[in-house]
Amino acid sequence: QVQLVESGGDLVQAGGSLRLSCAASGRNSAINVMGWYRQAPGKQRELVATITRGGSTNYADSVKGRFTISRDNAKNMVYLQMNSLKPEDTAVYYCNADARAFYSSVYRSYWGRGTQVTVSS
């Protein structure tokens, strides 16, 4: 079982920056892909960015060039650097990880509780 805890959400002005962090914990577990998703009021949860254990990244078109996802495998941490923030970036941001127990070949998806990011104009 893997637990994810996000931090770093805040209220910022448009054009500002924030860095979100996600700490993963899970003994005897292997974590593969990690990512960030967000959900704005009245909208479905959407993918923001993902990163594989090897460092390959994928971004939503709406955040390309502004957001950067990174991870530290040794620390089981994933980060999201958000620059040039816009009011439309306002949402609850969730950390996600796909992981399996060492004795299993089945990967399961885990979610954090989310952290609020609010961008004012």
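The residues of the chain are indexed from 1 along the displayed sequence. Given the structure is predicted, the values throughout are model-derived calculations rather than measurements. Only heavy atoms go into these numbers, but all of them, side chains included; no hydrogens, no water, no symmetry mates.
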**Report entry** Side-chain donor or acceptor of Arg113 paired with backbone N/O of Val5 under 3.5 Å
**Finding:** no
Query - From Tyr93 atom OH to Leu80 atom CG, the distance as rounded to the nearest 0.5 Å - result: 7.5 Å
**Report entry** Any side-chain heavy-atom pair of Thr118 and Val12 under 4.5 Å
**Finding:** no
Query raised in the report: Atom OG1 in Thr68, atom CG in Asn83: separation rounded to 0.5 Å?
Result: 6.5 Å
Report task. Flag yes if Met77 and Tyr37 sit in one hydrophobic cluster, no otherwise; membership is Ile, Leu, Val, Met, Phe, Trp, Tyr, and two members link when side-chain heavy atoms are under 4.5 Å apart. Result -> no
Query raised in the report: What are the two closest non-hydrogen atoms of Val106 and Ser104, and how far apart are they?
Result: N-OG, 3.0 Å
Report summary line: For Ala14 and Ser121, the nearest pair of non-hydrogen atoms, with its separation, is CB-CA, 4.4 Å
Query raised in the report: What distance separates Asn96 CG from Met34 CE, expressed to the nearest 0.5 Å?
Result: 8.0 Å
**Report entry** Beyond-backbone contact of Gln81 with Ser70, side-chain heavy atoms, under 4.5 angstrom
**Finding:** no
Report task. May I ask you to check if Arg71 and Tyr79 form a cation-pi contact, with NZ or CZ under 6.0 angstrom from the six-membered ring centre and within 45° of the axis? Result -> no
Query raised in the report: Does Gln1 reach the side chain of Ser29, with side-chain heavy atoms less than 4.5 Å apart?
Result: no
Query raised in the report: Under 6.0 Å from the CD atom of Gln3, do we count more than 12 heavy atoms belonging to anything else shown?
Result: no
Query raised in the report: To the nearest 0.5 Å, what is the distance between CD (Gln44) and CD (Glu46)?
Result: 10.0 Å
Query - Asn32/Thr52 under side chain to side chain donor-acceptor pair (under 3.5 Å): CA gap, chis, key distance, verdict - result: CA-CA 6 Å; Asn32 192 17; Thr52 68; over 6 Å; no
Query raised in the report: For Ala24 and Leu4, which heavy atoms make the closest approach, and how far apart are they?
Result: CB-CD2, 3.4 Å
Query raised in the report: Quick one: do Leu85 and Val63 end up in the same hydrophobic cluster if we chain Ile, Leu, Val, Met, Phe, Trp and Tyr together by side-chain heavy atoms under 4.5 Å apart?
Result: yes
Requested in this report: Apply salt bridge (charged side-chain N to carboxylate O under 4.0 Å, His left out) to Lys64 and list each qualifying residue two or more places apart in sequence or on a separate chain.
Outcome: Asp61
Report task. Could you name each residue pair satisfying disulfide (SG to SG under 2.5 Å) that touches residues 3-48, not counting sequence neighbours? Result -> Cys22-Cys95
Requested in this report: Start with the C-alpha distance between Val78 and Ile51, add both sets of side-chain angles, then the distance that settles side chain to side chain contact (heavy atoms under 4.5 Å, CB included), and finish with yes or no.
Outcome: CA-CA 9 Å; Val78 64; Ile51 184 168; 4.1 Å; yes
Query raised in the report: Any chance the rings of Phe67 and Trp36 have centres within less than 6.0 Å?
Result: no
Query raised in the report: Is it the case that one hydrophobic cluster holds both Leu47 and Trp111, taking links as side-chain heavy atoms less than 4.5 Å apart, direct or via other members?
Result: yes
Report summary line: Smallest heavy-atom separation, Leu20 atom then Gly9 atom, equals CD2-N, 3.6 Å
Query - Rounded distance [0.5 Å steps], CD in Gln116 versus CD in Glu6 - result: 12.0 Å
Query raised in the report: Have Asn76 and Ser25 got a donor and an acceptor in their side chains that come within less than 3.5 Å?
Result: no
Query raised in the report: Relative to Tyr94, does Arg38 satisfy both conditions: NZ or CZ under 6.0 angstrom from the six-membered ring centre, and within 45 degrees of the ring's axis?
Result: no
Query raised in the report: Atom OH of Tyr110 and atom CG of Asp98: how far apart are they, to the nearest 0.5 Å?
Result: 9.5 Å
**Report entry** Closest heavy-atom pair and its distance - Val117, Met82
**Finding:** CG2-CE, 3.9 Å
Report task. Treating Ile, Leu, Val, Met, Phe, Trp and Tyr as nodes and any side-chain heavy-atom pair under 4.5 angstrom as an edge, say whether Tyr59 and Val48 lie in one connected cluster. Result -> yes
